[in-house]
Peer 1: 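Structure incoming, see below.
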Amino acid sequence: MSARAWAELLRLPALFTVPGDVLAGASAVPGRPGGRTLLAACSSLCLYEAGMALNDWADRTEDAVERPHRPLPSGRVRPAAALSAAGALTAAGLALAARAGRPALAVATPLAATVWAYDLVLKRTPAGPVAMAAARGLDLLLGAAATGPARGSVRRALPSAALLSAHTLALTAVSRHETTGGAVLPPLAALTTSGALGLLLARELPAGRGAAPTPGPPGSAGARPRTGRHPLGRVLTAAYTALAARPYLHAALHPSPQLTQRAVGGGIRATIPLQAALCARAGAPVAALCTAALAPLAARFSRKVSVT
């Protein structure tokens, strides 16, 4: 069982799409990211990788026919080892969340349950895309719960979680057809979703800790702070829309397996600028830039490690 086989099993390039969830959640609440935020990010990474290992263990029979090159059907990783890794990574993720505080653990526990339910039961049912979307939303809320005050943090981050979940729902619906193709409606719906999310991201909203307050009438305490249409947010929103919309359009016009797979890849790559745009929208430009910096790293790493 080589390190390369494990890298393929765990889909390490996709790991770069995970920290932005926690940073987007942390950006949506009062307070600054700190040690608990880092613990939440490590917890998120462990739970994500647990899902990757469990996914291939659950799909080992199907992959023996459709993807015989994958680590389990090719014999490069033993199924028992993959299942053990999924269990160990889940336990590690929950332990890290517990170190980040009870609110973080309260979010990480249903997140872990959703990951296991998706891989073992829900993946091939109509509830599969909804479960995957819920997992991404919970991952963002994990960052909020670990960073903000004990009460109200999760509620403040719900709008950002809803936007990220909508993107994930559309992407997962497309991915269900990547081996067969022939489906026009899922990529068309995903194209519409990415356009709608772009419009919502461009709207002014009450900001987080990083925005300056707008002036209010004389004698007032001032209006609520607003993000404004900052150039960074506009650039990140445009990057998200471009990365997601074009491959979705191609897959809708010509729903072949190849173009559907490209649409899925485009949707995955678009996750990082979406997370960064959510950070910028909440008034956290440093978190936005840190998240956006993960995109070139993911692209570079993906050229070295297969994720299919």
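This chain uses plain numbering: 1 for the first residue, then up along the sequence.
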Peer 1: Connecting only ILVMFWY residues whose side-chain heavy atoms lie within less than 4.5 Å of each other, what is the rest of Tyr118's hydrophobic cluster?
Peer 2: Met132
Peer 1: Would you check if the side chain of Ser160 reaches a backbone N or O of Ala157 as a donor-acceptor pair within less than 3.5 Å?
Peer 2: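 No, Ser160 side chain to Ala157 backbone: no donor-acceptor pair under 3.5 Å.
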Peer 1: Apart from Leu199 itself, what residues make up its hydrophobic cluster, given side-chain heavy atom links below 4.5 Å?
Peer 2: none
Peer 1: State, without any angle test, whether Ser74 and Arg76 hold a side-chain donor-acceptor pair at a distance under 3.5 Å.
Peer 2: yes
Peer 1: Enumerate, atom names and distances included, each donor-acceptor pair closer than 3.5 Å involving a side-chain atom of residues 240-254, sequence neighbours excluded.
Peer 2:
unit_1, atom_1, unit_2, atom_2, d
Tyr240, OH, His167, ND1, 3.3
Thr241, OG1, Thr237, O, 2.9

Peer 1: Who else is in the cluster with Val65 when I, L, V, M, F, W and Y are joined by side-chain contacts under 4.5 Å?
Peer 2: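 Answer for Val65: none, a lone residue.
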Peer 1: Using distance only, find each side-chain donor-acceptor pair of residues 120-129 under 3.5 Å and give its atom names and separation, not counting sequence neighbours.
Peer 2:
unit_1, atom_1, unit_2, atom_2, d
Lys123, NZ, Asn55, OD1, 2.5
Lys123, NZ, Asp59, OD1, 3.0
Lys123, NZ, Asp59, OD2, 2.9
Arg124, NE, Glu62, OE1, 3.3
Arg124, NH2, Asp59, OD1, 2.6
Arg124, NH2, Glu62, OE1, 2.7
Thr125, OG1, Leu122, O, 2.8
Thr125, OG1, Ala127, N, 3.3

Peer 1: Tell me who clusters with Val22, hydrophobic residues only, linked when side chains sit under 4.5 Å apart either directly or through other members.
Peer 2: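 For Val22, no cluster forms, as it stays isolated from other hydrophobic side chains.
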Peer 1: Check residues 79-91 and write down every donor-acceptor pair under 3.5 Å in which the side-chain atom is one partner and the other belongs to a residue at least two apart or another chain.
Peer 2:
unit_1, atom_1, unit_2, atom_2, d
Ser84, OG, Ala80, O, 2.9
Thr90, OG1, Ala86, O, 2.8
Thr90, OG1, Trp116, NE1, 2.9

Peer 1: With sequence neighbours excluded, tell me which residues meet side chain to side chain contact (heavy atoms under 4.5 Å, CB included) with Thr193.
Peer 2: Ala166, Ala170, Leu197
Peer 1: Suppose we screen for side-chain hydrogen bond (donor to acceptor under 3.5 Å, both in side chains). Which residues come up paired with Thr37, at least two apart in sequence or across chains?
Peer 2: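 Counting only residues at least two positions away or on another chain, Thr37 forms a side-chain hydrogen bond (donor to acceptor under 3.5 Å, both in side chains) with Thr147.
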Peer 1: List in chain and number order the residues that pass side chain to side chain contact (heavy atoms under 4.5 Å, CB included) with Pro257, two or more places apart in sequence or in another chain; answer none if no residue qualifies.
Peer 2: Gln261
Peer 1: Please output the side-chain donor-acceptor pairs of residues 136-146 that fall under 3.5 Å, not counting sequence neighbours, one pair per line with the distance.
Peer 2:
unit_1, atom_1, unit_2, atom_2, d
Arg136, NH1, Thr17, O, 3.0
Arg136, NH1, Asp21, OD1, 3.2
Arg136, NH1, Asp21, OD2, 2.6
Arg136, NH2, Thr17, OG1, 2.9
Asp139, OD1, Ser44, OG, 2.6
Asp139, OD2, Ser44, OG, 2.7

Peer 1: Sorted by first residue and then second, give each salt bridge (charged side-chain N to carboxylate O under 4.0 Å, His left out) pair with at least one member in residues 252-276; sequence neighbours left out.
Peer 2: none
